Number of protein chains: 2
Amino acid sequence: MYRSHNCGELRAQNINQNVVLSGWVQRVRDKGHLLWIMLRDKTGETQLFLEEGTTSAELLAQARDLGREYVIRIEGRVIERASKNTNIPTGDIEVAVSKIEVLNSSETPPFTIEDDTDGGEELRMQYRYLDLRRKPMRDNILLRHRMLQLVRNYLSTQEFVEIETPYLIKSTPEGARDFVVPSRMHQGQFYALPQSPQTFKQLLMISGFERYFQIVRCFRDEDFRADRQPEFTQIDCELSFVNEQDIINVFTGMVKTIFNEVKGIDLGEFPVLTYAEAMRNYGNDRPDLRYGMKFNYLTESLSGTDFPPFKNTVDAGGDVISICAPGAASYTRKQLDKLTDFIKDPRFGMQGLVWVKYEEDGSIKSSVDKFFDEETKKAWLTMANATKGDLLLILAAQTNAVQKAMSELRIEMAKQLELRNPNVFAPCWVVEFPLVEWNPEQNRFDAMHHPFTAPQPEDEGILDTGNARSRAYDMVINGMEVGGGSIRIHDAEMQNKVFSLLGISEQERENKFGFLIRSLKNGAPPHGGIAFGFDRLCAILAGTESIRDVIAFPKNNAGRDMMLDAPAFIDQLQLNELGISTNS
Amino acid sequence: MYRSHNCGELRAQNINQNVVLSGWVQRVRDKGHLLWIMLRDKTGETQLFLEEGTTSAELLAQARDLGREYVIRIEGRVIERASKNTNIPTGDIEVAVSKIEVLNSSETPPFTIEDDTDGGEELRMQYRYLDLRRKPMRDNILLRHRMLQLVRNYLSTQEFVEIETPYLIKSTPEGARDFVVPSRMHQGQFYALPQSPQTFKQLLMISGFERYFQIVRCFRDEDFRADRQPEFTQIDCELSFVNEQDIINVFTGMVKTIFNEVKGIDLGEFPVLTYAEAMRNYGNDRPDLRYGMKFNYLTESLSGTDFPPFKNTVDAGGDVISICAPGAASYTRKQLDKLTDFIKDPRFGMQGLVWVKYEEDGSIKSSVDKFFDEETKKAWLTMANATKGDLLLILAAQTNAVQKAMSELRIEMAKQLELRNPNVFAPCWVVEFPLVEWNPEQNRFDAMHHPFTAPQPEDEGILDTGNARSRAYDMVINGMEVGGGSIRIHDAEMQNKVFSLLGISEQERENKFGFLIRSLKNGAPPHGGIAFGFDRLCAILAGTESIRDVIAFPKNNAGRDMMLDAPAFIDQLQLNELGISTNS
């Protein structure tokens with residue numbers, strides 16, 4: 001028997017009991033005649049106690065030989081601690097050791113197994129199994145476990161059926177590159193790993209399951225960017241006989257349940273914004289609603305202005321937009337200059353920044369005092385609901401450009417003013433995304449979501465213009481897209497129309513999606529679905545920036561598993577069997 | 001709104017309510033002035049009713065245009081049925097239709113969507129989304145969903161942590177061929193898809209999680225055999241600080257829970273047999289314990305026999321074994337000759353079959369009456385606990401061969417005597433498997449389970465002989481292995497010894513398992529684990545022979561997805577990007 005108790009459970013009421021514990025040596029404290037060992041297992045820590053005179057010399061010598069991270073089994077008796085430790089649950093007791101069995105020794109770990117380790121990220125990735133011993137990492141994995149069970153149980157009670165879809169499939173339509181798997185049995189042919197189970201979940205609706213879910217691995221062979229993984233996990237769902245509101249209800253419920261159970265937070269109502277509203281008010285289809293600074297459009301009121309930057313913009317049909325940065329009237333000249341530099345960056349390409357300070361004493365100062373009278377500026381402040389001490393920031397440019405730049409400025413101001421409270425969670429839905437967007441390089445339309453997304457019924461007539469809105473929706477939390485989906489096309493004719501709009505040839509359609517188009521002709525019900533980035537959702541709830549912190553064995557930014565050293569070269573024999581050669 | 005109610009829920013108490021239903025047209029029955037439509041959704045069926053005179057001519061015409069599997073939305077009022085149908089839960093009512101909306105039409109399906117379909121397997125695989133509409137298939141998938149939740153909830157309450165391990169990894173040690181994935185970013189290098197998460201789950205024990213589980217996809221590129229899939233699902237578990245008995249307790253509990261919840265069956269105690277006992281008593285390490293016919297060894301009692309087949313066997317150190325086939329004394333000469341032919345098949349290679357009939361009248365007849373007296377034959381019958389009407393079957397040969405042949409004969413007799421009741425479930429554990437087995441082709445030992453399996457401590461001294469027993473165990477139900485695992489080696493030195501025994505070179509060790517050997521030196525706790533074939537377990541509970549029946553989108557025996565038509569050729573462009581060429 002390895003244990004009668006766990007290391008985390010012994011309390012004052014266990015005093016005088018004989019116990020058996022197993023675990024890892026966290027540390028040994030040797031005061032000469034007294035020696036303490038902190039023993040750790042998954043439940044917590046218990047202090048072991050040895051004393052010269054009482055403890056045999058042999059046992060003391062054995063204890064002195066123990067190193068950090070040794071695995072031991074001990075027998076002993078629970079005694080009251082002389083000096084209690086109120087920081088740990090077992091702090092009232094310690095165990096007077098009568099026997100130590102070394103189950104395994106340990107080399108000195110390459111970094112300390114402590115909450116704040118001295119190991120760099122490379123080293124920790126290489127020895128991931130040791131990094132996972134640290135409590136912050138362990139807690140992340142336990143949180144993820146809990147979220148997995150919560151999500152599945154929630155969806156199961158909502159009558160979703162969990163169905164596992166295949167991993168060895170055919171090219172999927174997500175737009176990124178597929179990972180492929182050469183077939184040995186069918187030489188020259190390849191399976192593809194799914195970028196998502198998109199087609200399968202639609203087929204399951206056509207099969208009549210009505211509500212499907214799966215927490216599933218997906219694969220994308222992208223050029224790696226920070227915090228992207230070639231394999232990632234998705235909460236994947238599809239429903240029949242639903243509209244957007246049904247989906248919003250079910251998945252608002254899911255996310256509220258998670259936050260409630262995991263963090264005890266009631267997220268309240270989720271605002272629903274159209275894409276057009278989100279762009280107009282925040283210049284962003286993933287608005288961070290933890291803070292205000294909604295856009296105010298000065299354009300109309302400036303129709304007669306002489307101030308050249310505004311006049312030019314208004315004349316060219318652009319927009320003049322303000323945001324009100326709360327309490328930032330105290331910004332220095334230097335700070336304002338830095339903001340100007342920020343928005344003049346080529347990525348945003350603004351010509352300049354206009355600012356208006358609503359000073360604490362009620363006076364108004366601005367960078368355009370020469371051009372605008374007090375009343376005008378007061379009107380701007382009123383329009384922005386500014387109060388004393390606030391700072392108005394104004395940009396003018398072509399609408400898309402100014403929205404984008406102002407969105408970045410809004411986020412930058414939130415950063416500077418520390419409005420992005422990590423303990424506040426502001427969710428919303430964004431709906432009615434455009435169906436397609438123009439791809440100037442390929443000279444064609446790309447699907448904004450994917451080719452199976454239904455257009456808004458009232459926009460079906462203007463499909464060819466590229467201006468139709470879609471029935472796609474995203475869930476956004478704190479400026480991050482956590483989930484997205486759409487009502488799908490369930491009509492074969494409409495599906496072909498959209499394929500045509502996207503410039504997908506008849507042959508490509510048949511080759512890639514033949515089975516799907518055929519299935520739409522076999523009694524496909526109206527349906528729609530959604531997928532949540534599970535890694536991201538876990539990271540948000542764990543309060544960490546990187547999804548690597550919530551994945552047990554992640555890859556680095558170059559797609560390498562540092563611990564396994566994968567990918568790796570394979571035998572020529574294996575290549576021969578597969579009927580492939582490498583070109584290098 | 002697509003529905004106010006589901007098709008399966010309307011009852012007498014709903015009479016006079018106005019309802020909205022959506023679903024599929026199961027069938028239309030047109031009696032001229034009366035017309036019925038059976039509408040189906042995932043919850044069941046409701047009969048719709050239209051009547052000339054009451055129903056408008058337009059609506060009737062619309063109803064007459066509906067075909068099988070059309071998707072419709074209807075409005076109507078619940079009325080009492082004239083002739084009730086007690087076969088379906090909604091049989092007391094029907095819905096008088098006031099509006100029909102066709103949501104989608106349907107081509108005539110290529111096979112009937114009925115419990116007993118007219119579609120062949122190929123066609124059903126190609127139109128899997130239609131096959132899944134049939135109730136038996138649907139029920140299998142729902143059963144699987146339920147089992148997924150049951151298993152995860154059971155393991156979660158047993159303090160297991162669900163941890164997702166990567167799919168893009170490095171070659172695994174399971175012995176079968178890996179599927180590989182060429183890396184575009186690291187040209188010439190490949191990821192491998194996991195044959196199991198074996199190394200990861202051991203690393204997670206070294207990380208201190210103590211109890212891990214995952215229901216996970218695994219991949220094996222094997223030459224396809226009947227009822228094997230290139231990708232399959234496994235309940236994968238690992239535990240620290242445990243011995244065999246702990247594992248047996250936890251997973252007996254898991255399987256008992258499944259059978260109890262899903263089928264209301266109490267499986268009772270699970271017998272535990274050693275491998276040696278299983279081989280001795282049933283000639284098989286996967287004994288079907290639904291029936292008896294345990295082996296009886298006559299060898300010792302025949303030491304002085306003259307009967308040549310037995311004499312030769314005994315002299316050569318082989319064994320003479322009997323089984324008692326209950327109630328088979330009535331077997332005809334022809335039936336006995338067929339049995340003799342059966343065991344003379346080259347696969348079993350027996351020279352002949354000796355039979356002894358214990359007739360209903362108490363007389364004894366046998367194929368060896370000339371050689372053995374009544375008393376001897378009576379002793380054989382007594383040894384086998386035979387009662388009147390039973391048939392004794394006796395084989396003699398070298399021990400391994402006769403055990404194997406007798407095992408096949410035992411199974412054959414169970415088939416013929418219909419002792420393999422599909423509604424009876426007889427589980428057992430088989431333990432103490434041999435650690436290695438001799439591979440005469442490669443002239444070396446192969447691991448019987450895998451190279452990480454620990455030897456029995458008392459056999460560590462005889463490792464080199466190849467006769468050491470291991471700490472491996474299997475769970476067997478009705479003659480099928482449903483799960484298997486082992487206590488692992490947690491000591492780096494012992495791991496290296498076993499690698500040496502298996503002829504794995506230092507370089508191969510470092511290359512394939514370097515990280516694992518290193519991890520064993522960093523405080524690896526004693527640990528062990530198990531994996532269950534989830535597809536097989538679902539098939540057993542669904543009462544089907546083929547795992548294809550419990551997989552939503554299976555591949556055929558040649559590893560092809562008939563619906564997707566995968567694997568498939570890919571673009572030259574894609575091959576170029578990956579830096580590989582196909583040889584054909």
Side-chain angles (χ1 to χ4, degrees), chain A residues 2 22 24 42 69 71 103-104 106-107 129 132-133 145 148-149 156 161-163 166-170 179 181 183-191 203 206-208 210 217 221 231 241 490 515 519 521-526 552-553 559 563-564 566-570 579-584, chain B residues 2 22 24 42 69 71 103-104 106-107 129 132-133 145 148-149 156 161-163 166-170 179 181 183-191 203 206-208 210 217 221 231 241 490 515 519 521-526 552-553 559 563-564 566-570 579-584:
Chain A
Y2 284 107
S22 286
W24 286 263
K42 70 163 181 169
E69 301 304 317
V71 187
L103 299 172
N104 213 344
S106 176
E107 295 179 354
Y129 47 92
L132 288 173
R133 270 189 205 162
H145 160 77
L148 285 167
Q149 315 315 317
S156 294
V161 182
E162 181 176 357
I163 303 176
Y167 282 120
L168 296 174
I169 65 162
K170 204 171 169 177
F179 283 105
V181 181
S183 165
R184 184 176 55 84
M185 304 282 283
H186 307 276
Q187 296 223 339
Q189 299 185 38
F190 293 78
Y191 300 99
L203 291 172
I206 294 164
S207 294
E210 300 195 21
R217 204 70 53 83
D221 185 11
E231 52 178 312
F241 303 112
H490 68 278
F515 61 96
S519 76
K521 294 178 181 164
N522 275 291
F553 299 100
M563 182 184 72
L564 302 179
F569 294 98
I570 60 175
I580 60 172
S581 321
T582 57
N583 299 344
S584 45
Chain B
Y2 283 107
S22 285
W24 287 262
K42 69 162 182 169
E69 301 303 317
V71 187
L103 299 173
N104 213 344
S106 177
E107 295 179 355
Y129 47 91
L132 287 173
R133 270 189 207 162
H145 160 76
L148 285 168
Q149 314 314 316
S156 294
V161 182
E162 181 176 359
I163 303 175
Y167 283 119
L168 296 173
I169 65 161
K170 204 171 170 178
F179 282 106
V181 181
S183 165
R184 184 177 55 85
M185 303 282 284
H186 307 276
Q187 296 222 342
Q189 299 184 38
F190 293 78
Y191 300 100
L203 291 172
I206 294 164
S207 295
E210 300 195 20
R217 204 71 51 85
D221 184 9
E231 53 178 311
F241 302 112
H490 68 279
F515 62 96
S519 76
K521 293 179 182 163
N522 276 291
F553 298 101
M563 182 183 74
L564 302 179
F569 294 99
I570 60 176
I580 60 173
S581 322
T582 58
N583 299 345
S584 45

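Letters A, B, ... mirror the listed sequences (proteins, then strands); counts begin at 1. In this text, all values refer to a predicted model and were calculated from it rather than measured experimentally.
Here B:Y167 and A:Y167 bring their ring centres to under 6.0 angstrom of each other.
Only the side chain of B:I163 comes within less than 4.5 Å of a heavy atom in chain A; its backbone stays farther off. Both the backbone and the side chain of B:S581 come within contact range of chain A, each with at least one heavy atom under 4.5 Å from a heavy atom of that chain.
To the nearest 0.5 angstrom, B:Y191 atom OH is 5.0 Å from A:F179 atom CZ. Note that CG of B:N583 and CD of A:Q187 are 7.5 Å apart. Values are rounded to the nearest 0.5 Å. A distance of 11.0 Å separates NZ of B:K42 from CZ of A:F241, quoted to the nearest 0.5 Å. Rounding to the nearest 0.5 angstrom, the gap separating the CE atom in B:M185 from the CG atom in A:D221 is 8.0 Å. Taken from CD in A:E107 to CG in B:N522, the straight-line distance is 6.0 Å, to the nearest 0.5 Å.
B:G188 and A:F569 get closest at one heavy-atom pair: O-CD2, 3.3 Å. Here the closest non-hydrogen pair linking A:G208 and B:W24 is CA-CH2, 3.6 Å. In this structure, A:G523 and B:R133 approach most closely via the heavy-atom pair O-NH2, 3.1 Å.
Between chain A and the options B:A552, B:S183, B:S156, the largest number of non-hydrogen pairs under 4.5 Å is found for B:S156. Of the listed residues (B:M563, B:E69, B:K521), the greatest number of heavy-atom pairs within a distance under 4.5 Å of chain A belongs to B:K521. Most heavy-atom pairs under 4.5 Å with chain A, from the set B:A566, B:S22, B:S207, B:A524: that is B:S207. In terms of heavy-atom pairs under 4.5 angstrom with chain A, the leader among B:V161, B:I580, B:V181, B:L103 is B:I580. When each of B:I206, B:L564, B:L148 is scored by its heavy-atom pairs under 4.5 Å with chain A, the top score falls to B:L564. If you tally non-hydrogen atom pairs under 4.5 Å between each of A:P526, A:A568, A:P567 and chain B, the highest count goes to A:P567.
The backbone N or O of A:P166 sits nowhere less than 3.5 Å from a side-chain atom of B:E231 that would complete a donor-acceptor pair. When atom types are taken as modelled, the side chain of B:E162 and the backbone of A:H145 share no donor-acceptor pair closer than 3.5 angstrom.
Here the side chains of A:F553 and B:I169 are not in contact, with every heavy-atom distance at 4.5 Å or above.
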